[in-house]
Amino acid sequence: MSAPNSPGGGRFGAPANAPANARADAHLDTSADTAPPDLVKAPGKAAGGTPAGPPPGASALSPAGPGRWSPSRLPARWRLPLAVYAACQLLLLGWWAAFYPGRISGDTLTYIYEVSTSHWRSDHSVAYDALLWISLEVTGGIAALTFVQTVCMAAALAYVCVALRDLGVRGRWSAAAAVVVAAAPMTASFTVFVWKDVPYTIATLVAFGAVVQLTARRLRREHAVRDRSFRHQLLTLALGCLGIGLFRNNGFPVLIAAVVLLVLLLPGMRRWIAAAIGVPLVVTLAMNNFLYPALGVQKPRPDEVYAFNYADIGVAYAKRPDIFTASDLRLMRGLAPLSHWSGPGGDCHVADLIMHKPMNRIKAGKENGQLLALWGRILEHHPTLIIDARLCRADIAWAFTGHTGKYAASNHHVLRTWSSFGLDSVQQLPYHASLSDAPLSYKLDHLATRAYEWTQTPRKAPVLWRGVNWTYLGYLVVALVAVRRRRYELLALAVLPAGLQVTVLAANPSPLWRYMCAALFVGMLTVPVLALAGRRTLPWERAARSAAPPDTTTGPPSEGNQDTAPATGRRT
């Protein structure tokens with residue numbers, strides 16, 4: 001809220017004898033920066049007509065000189081995000097320099113093969129493949145891409161801090177959480193991996209920040225105000241949701257869960273929120289199903305799309321071979337020996353194992369209809385077998401402990417062992433020379449590697465690396481604060497983590513920690529919200545008490561309008 005201009009006050013200041021709330025409003029003004037009156041005098045003369053200049057004995061660059069820049073000259077609203085961004089960027093650059101040019105996995109090499117040999121496929125994120133292609137074509141390596149990821153991650157962390165400030169969380173607590181995220185081995189090292197999961201996580205943080213700001217708006221009873229900040233918050237939510245949809249092919253269930261839950265939890269903005277999430281959802285589905293094929297991007301084969309279903313059949317056969325008919329066994333035996341279905345295929349933790357040789361993947365794709373019919377019969381008559389298989393494969397999304405699928409703090413092993421697409425080794429892969437470890441500082445590399453490995457010990461890994469544990473902590477924090485403040489709208493802060501968790505539970509190839517890494521980031525950044533439970537009165541509670549009813553300014557709501565809530569201090 002902006003204080004009106006007053007003599008001697010300016011747009012960012014209030015008279016010394018102004019009431020305290022007027023000075024606070026002036027301090028929080030979000031309009032354009034305006035220099036204080038004492039800094040806009042004529043350059044050649046001082047106030048009394050004498051030549052202007054530094055006092056005797058002081059240079060123009062001394063602390064007393066007008067030419068010296070100071071952080072205090074920044075508008076107050078910019079100090080927190082810029083300070084958080086600078087701190088997080090510095091820390092992430094340290095990890096980037098230590099793990100230069102960036103960390104890779106087998107998926108990274110698949111991306112590089114596809115974009116460098118014109119075998120573009122939509123089984124991975126086409127949008128992220130395009131970013132990788134630009135980095136390779138322009139710079140000849142992956143370092144530019146991983147550097148940009150650090151910049152975007154630092155900016156996203158700063159934005160979440162601003163959103164938490166709107167909610168009433170003090171800057172010192174949100175800034176501390178962001179700095180921890182930028183410094184911790186499990187989150188900072190993740191930022192410099194060449195994975196589609198990194199921009200997916202950044203987009204999730206942007207959407208989370210927008211949700212926090214919209215929640216704060218609802219709590220302040222400003223949900224009926226359609227000002228510029230409201231439009232910016234909706235646009236930011238839409239951009240974050242677009243990134244969620246573009247950077248993971250299974251991002252659309254997160255958006256579906258988010259739009260349903262947010263529409264329920266944030267009345268007064270339902271149509272706008274539905275549009276801000278629904279439009280990106282439609283756009284991403286249209287791009288995956290129509291635009292990419294029109295551009296020549298290959299669709300994944302049926303055996304790649306439905307590998308989860310084949311793995312479910314293998315788990316069911318390993319547990320209950322008696323439920324399979326002779327025709328079922330004939331179909332399965334024609335694709336791979338039954339020992340393969342019950343052996344590697346019977347491992348409920350990893351779906352990829354059943355697709356390895358001797359499985360005839362091409363034939364499986366041709367007989368995909370029969371396999372899906374078999375899967376459907378098992379689901380209909382023995383649903384617990386399918387449910388157990390999915391829960392086992394997705395224990396990274398619900399279990400406190402278990403395998404977390406971490407990766408070494410070096411590219412050496414991946415480069416030494418990789419071979420695929422008919423290539424005997426990584427030496428035949430374009431741009432392979434740019435992937436070797438080349439830290440910009442070996443001291444930083446040593447410290448980062450030690451910290452990375454220290455967090456992966458059996459006792460520490462479940463606590464630090466499993467995103468679901470941070471998700472549960474976030475749920476607990478949000479629930480405690482919602483009960484303490486008696487405002488159910490605060491539950492909106494748990495919507496995106498819930499969507500991430502449900503998506504992984506529904507379809508997950510293996511229990512890899514990166515599939516829940518976005519939830520790990522959000523969970524860590526939700527912890528400072530706990531401070532709201534201890535404060536006696538929050539800013540949005542004071543604003544809600546003093547807010548005028550919407551019908552005094554905007555007219556009475558139309559009959560049957562369910563999006564307009566009474567503007568009282570009570571819970572609605």
Taking the side chain as everything from C-beta on, heavy atoms only, tell me whether [X] gets closer than 4.5 Å to [Y].
{"X": "R361", "Y": "K366", "result": "no"}
{"X": "L512", "Y": "I396", "result": "no"}
{"X": "T117", "Y": "P430", "result": "yes"}
{"X": "R390", "Y": "L505", "result": "no"}
{"X": "D303", "Y": "Y310", "result": "yes"}

With no hydrogens and no angle check, do the side chains of [X] and [Y] hold a donor and an acceptor under 3.5 Å apart?
{"X": "Q428", "Y": "Y113", "result": "no"}
{"X": "Q89", "Y": "T150", "result": "yes"}
{"X": "E114", "Y": "H124", "result": "no"}
{"X": "Q456", "Y": "Y407", "result": "no"}
{"X": "S410", "Y": "D437", "result": "yes"}
{"X": "W195", "Y": "T108", "result": "no"}

Pair K460 + E453: basic N to acidic O under 4.0 Å: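 A salt bridge is absent here (no side-chain N lies under 4.0 Å from a carboxylate O).
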Any salt bridge linking D312 with R393? Criterion: basic side-chain nitrogen under 4.0 Å from a carboxylate oxygen.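 Result for this pair is yes, salt bridge flagged.
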Atom [atom1] in [X], atom [atom2] in [Y]: separation rounded to 0.5 Å?
{"X": "R77", "Y": "L82", "atom1": "CZ", "atom2": "CG", "answer": "10.5 Å"}
{"X": "L496", "Y": "C241", "atom1": "CG", "atom2": "SG", "answer": "7.0 Å"}
{"X": "M524", "Y": "L464", "atom1": "CE", "atom2": "CG", "answer": "8.0 Å"}
{"X": "Q149", "Y": "S135", "atom1": "CD", "atom2": "OG", "answer": "9.0 Å"}
{"X": "F521", "Y": "I202", "atom1": "CZ", "atom2": "CD1", "answer": "8.0 Å"}
{"X": "H413", "Y": "S105", "atom1": "NE2", "atom2": "OG", "answer": "11.5 Å"}

Dump the intermediate steps for side-chain hydrogen bond (donor to acceptor under 3.5 Å, both in side chains) on Y128 and D197, then the final yes or no. CA-CA 9 Å; Y128 190 66; D197 305 88; over 6 Å; no
Can a donor-acceptor pair be found, under 3.5 Å and without considering hydrogens, that links the side chain of [X] to the backbone of [Y]?
{"X": "S174", "Y": "G171", "value": "yes"}
{"X": "N411", "Y": "L435", "value": "yes"}
{"X": "H432", "Y": "L429", "value": "yes"}
{"X": "W341", "Y": "Y317", "value": "no"}
{"X": "Y515", "Y": "A394", "value": "no"}
{"X": "N508", "Y": "V504", "value": "no"}
{"X": "N289", "Y": "L285", "value": "yes"}
{"X": "T139", "Y": "A144", "value": "no"}

After noting the C-alpha distance and the side-chain angles of H119 and Q298, does the key distance pass the side-chain hydrogen bond (donor to acceptor under 3.5 Å, both in side chains) rule? CA-CA 8 Å; H119 288 86; Q298 301 176 19; 5.6 Å; no
Mind running side-chain contact (heavy atoms from CB on, under 4.5 Å) on V212 and L493 for me, showing each step along the way? CA-CA 6 Å; V212 173; L493 274 61; 4.1 Å; yes
Could you check, using the six-membered ring where one of them is a Trp, whether W513 and F190 have ring centers closer than 6.0 angstrom?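 Ring centroids of W513 and F190 are less than 6.0 Å from each other.
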Given the side-chain rings of Y159 and Y85, with only the six-membered ring counted for Trp, is the space between their centroids under 6.0 Å?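 That pair fails the under 6.0 Å test.
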Are E304 and R121 close enough, and set up right, to give a salt bridge (charged side-chain N to carboxylate O under 4.0 Å, His left out), and what steps lead you there? CA-CA 12 Å; E304 296 170 327; R121 291 166 54 87; 2.3 Å; yes
Determine, stepwise, if the pair I104 / F193 fulfils side-chain contact (heavy atoms from CB on, under 4.5 Å). CA-CA 6 Å; I104 66 171; F193 263 94; 5.9 Å; no
Taking atom CH2 as the centre, does W120 end up with more than 12 heavy-atom neighbours from other residues, nucleotides or ligands that are less than 6.0 angstrom away?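 Result for CH2/W120: enclosed.
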More than 12 heavy atoms of other residues, nucleotides or ligands under 6.0 Å from OH of Y292: yes or no?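 Yes - once you tally the heavy atoms of other residues, nucleotides and ligands closer than 6.0 Å, there are more than 12.
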Under the side-chain contact (heavy atoms from CB on, under 4.5 Å) criterion, do R165 and L80 qualify, and how do the steps go? CA-CA 9 Å; R165 179 179 63 185; L80 174 66; 3.7 Å; yes
Looking at residues at least two apart in the chain, or sitting in another chain, which of them share a salt bridge (charged side-chain N to carboxylate O under 4.0 Å, His left out) with D107?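 Here the qualifying residues are R514.
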Atom pairs and distances, side-chain donor-acceptor, residues 93-102, under 3.5 Å, sequence neighbours left out:
residue	atom	partner	partner atom	Å
W95	NE1	A183	O	3.4
W96	NE1	A143	O	3.4
W96	NE1	T146	OG1	2.9

Derivation and outcome, side-chain contact (heavy atoms from CB on, under 4.5 Å), residues L473 and V527: CA-CA 8 Å; L473 179 60; V527 172; 3.8 Å; yes
